[in-house]
Amino acid sequence: MKISIIGVGLIGGSMALKLREKNIASFIYGIDKNTQHISDALNLKIIDAGVDLEHGIKNSDLIILAIPVDAARKLLPSVLDLVTDQQTVMDAGSTKAGIVNAVKDHPKRSRFVAFHPMWGTENNGPKSAIAESFSGKAGVICNKEESAEDALNIVEQVVNALDMHMIYMNAKDHDVHTAYISHISHITSYALANTVLEKEREEETIFQLASSGFSSTVRLAKSHPEMWVPIFKQNKENVLDVLNEHISQLRKFKSALEKENYEYLEELITNANRIRGILR
């Protein structure tokens with residue numbers, strides 16, 4: 001099928017590479033306000049042509065929105081205005097309730113399938129795209145009952161072609177869970193990076209002494225604000241809920257150290273070790 005990808009960055013570019021590899025895409029249009037992204041995507045053979053929004057939608061069977069969640073929420077109604085009952089639209093955003101609510105009363109709502117591929121890195125742009133990036137990861141489809149059966153079938157084919165294991169979930173539940181397993185991780189990483197930058201003024205010392213543990217913990221702090229500020233904004237209440245709990249946990253560690261209560265400190269660490277049985 002012919003596919004238009006709106007946003008040919010890390011996620012959109014990676015999806016394009018894999019869908020071409022699996023012969024799902026016969027032709028891929030790239031749509032992006034960043035002309036350098038279009039140029040890079042053409043040079044890397046991620047897309048076949050760079051076009052404007054109307055041309056891409058008119059000539060595609062499937063339209064994928066792989067742009068920041070606030071931009072997707074604003075653009076999706078306009079995209080649905082242009083599609084027919086034979087076309088399918090999907091997104092790849094990290095928050096789902098906001099984008100689902102944005103089109104809940106749209107006459108073409110059934111042509112849209114809300115999707116979240118549970119993968120990402122701190123990098124951006126088509127040069128960071130990796131065809132195998134989604135393999136083995138979770139592909140979440142939200143509110144499937146609101147999508148037309150044929151549109152849902154097409155997106156399920158896409159998820160299978162990406163080699164992801166499929167999960168169906170309510171959009172609100174999705175946003176709660178991702179706040180706990182993804183969004184708080186980024187806030188923690190940003191905060192740790194700011195802490196180290198504030199307390200350790202010698203950049204060379206950070207570079208020389210940084211262990212693999214520190215590097216892996218702050219890796220997410222390299223993620224770009226243009227993507228993550230909209231995510232925190234769209235999922236504000238859930239993020240605040242988990243952030244409050246996280247602050248409470250930090251206070252427990254602080255109190256244990258201040259009071260030299262090392263038995264309690266050991267309890268906190270032992271309790272945290274239970275995560276081993278969940279994440280293998």
Side-chain angles (χ1 to χ4, degrees), residues 9-11 14 67-71 92-98 116-125 127-128 130 133 137-138 140 174-280:
L10 173 70
I11 300 298
S14 296
I67 52 180
V69 290
D70 58 345
S94 295
T95 60
K96 296 268 72 85
H116 179 200
M118 296 294 293
W119 174 82
T121 75
E122 69 276 18
N123 302 312
N124 70 337
K127 290 183 178 180
S128 302
I130 308 167
S133 54
K137 305 298 191 300
V140 186
H174 166 276
D175 288 359
V176 170
H177 295 312
T178 53
Y180 276 85
I181 64 168
S182 174
H183 303 168
I184 189 61
S185 301
H186 282 78
I187 288 182
T188 301
S189 188
Y190 290 130
L192 179 58
N194 284 338
T195 299
V196 173
L197 292 170
E198 182 66 27
K199 300 298 285 187
E200 177 57 82
R201 301 294 184 176
E202 297 291 335
E203 292 186 11
E204 186 62 25
T205 301
I206 297 175
F207 175 77
Q208 290 177 345
L209 297 181
S211 65
S212 60
F214 175 79
S215 296
S216 63
T217 303
V218 299
R219 175 183 63 83
L220 297 177
K222 301 174 186 177
S223 301
H224 290 262
E226 57 264 32
M227 176 180 177
W228 278 96
V229 170
I231 289 172
F232 297 144
K233 176 183 174 183
Q234 295 293 334
N235 207 21
K236 172 187 168 185
E237 296 305 322
N238 291 321
V239 171
L240 282 174
D241 179 56
V242 65
L243 188 55
N244 284 331
E245 178 60 34
H246 186 49
I247 290 170
S248 173
Q249 293 295 328
L250 290 174
R251 284 183 178 138
K252 291 179 182 179
F253 277 90
K254 181 174 181 284
S255 176
L257 283 169
E258 287 175 339
K259 297 176 181 178
E260 298 185 356
N261 188 345
Y262 299 118
E263 284 188 14
Y264 184 44
L265 186 63
E266 183 177 344
E267 286 179 21
L268 292 171
I269 295 172
T270 300
N271 185 64
N273 285 165
R274 291 190 300 136
I275 202 73
R276 289 179 180 177
I278 300 170
L279 300 178
R280 303 181 189 279

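Along the sequence shown, the residues carry numbers beginning at 1. Values below: every heavy atom of this structure, side chains too, minus hydrogens, waters and symmetry copies.
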Ignoring hydrogens, what is the shortest heavy-atom contact between Pro68 and Pro230? Give both atom names and the distance.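 Reported closest heavy-atom pair: CB-CG, 4.5 Å.
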For Ser189 and Ala221, work out which heavy atoms get closest and say how close.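 In this case the closest contact between Ser189 and Ala221 is OG-N, 2.9 Å.
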Straight-line distance of Leu197 CG to Leu192 CG, nearest 0.5 Å: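 Nearest 0.5 Å value for the CG-CG distance: 9.0 Å.
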Could you check Val239 against Ile187 for side chain to side chain contact (heavy atoms under 4.5 Å, CB included), going step by step and ending with a plain yes or no? CA-CA 9 Å; Val239 171; Ile187 288 182; 3.4 Å; yes
Are Glu226 and Asn124 side-chain neighbours, meaning at least one heavy-atom pair lies under 4.5 Å?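 When only atoms from C-beta onward are counted, Asn124 and Glu226 do touch, with a gap below 4.5 Å.
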Does any part of the side chain of Ser94, heavy atoms only, come nearer than 4.5 Å to the side chain of Met227, both counted from C-beta?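 Yes. Closest side-chain heavy atoms under 4.5 Å.
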Side chain to side chain contact (heavy atoms under 4.5 Å, CB included) between Leu257 and Leu265, intermediate numbers included: CA-CA 7 Å; Leu257 283 169; Leu265 186 63; 4.1 Å; yes
Okay, side chain of Ser14, backbone of Ile11: is any donor-acceptor separation there less than 3.5 Å?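 Pair absent, no side-chain N/O of Ser14 close to backbone of Ile11.
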Taking the side chain from Asp175 and the backbone from Lys96, do they hold a donor-acceptor pair closer than 3.5 Å?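 Between the backbone of Lys96 and the side chain of Asp175 there is a qualifying donor-acceptor contact (under 3.5 Å).
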Just to verify, what does [X] make a side-chain hydrogen bond (donor to acceptor under 3.5 Å, both in side chains) with, not counting sequence neighbours?
X: Asp70; answer: none
X: Asn235; answer: His183, Asn238
X: Asn271; answer: Arg274
X: Tyr180; answer: Asp241

Contacts of type ring-ring contact (aromatic ring centres under 6.0 Å, His included), residue Phe232, not counting sequence neighbours: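 Expected list: Trp228.
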Checking side chain to side chain contact (heavy atoms under 4.5 Å, CB included) for the pair Thr178/His116: CA distance, chi angles, key distance, verdict? CA-CA 10 Å; Thr178 53; His116 179 200; 4.1 Å; yes
Which residues share a side-chain contact (heavy atoms from CB on, under 4.5 Å) with [X], sequence neighbours left out:
X: Lys137; result: Trp119, Met164
X: Ser185; result: Leu220
X: Ala138; result: Met118, His165, Ile167

With Tyr262 as reference, evaluate Glu260, Glu266, Lys259 under the side chain to side chain contact (heavy atoms under 4.5 Å, CB included) test and give the passing residue.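 Filter result, single survivor: Glu260.
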Could you give the side-chain donor-acceptor pairs of residues 242-256 under 3.5 Å, partners two or more places apart or in another chain?
| unit_1 | atom_1 | unit_2 | atom_2 | d |
| --- | --- | --- | --- | --- |
| Asn244 | ND2 | Leu240 | O | 3.2 |
| Glu245 | OE2 | Gln249 | NE2 | 2.8 |
| His246 | NE2 | Thr188 | OG1 | 3.2 |
| Lys254 | NZ | Glu258 | OE2 | 2.5 |

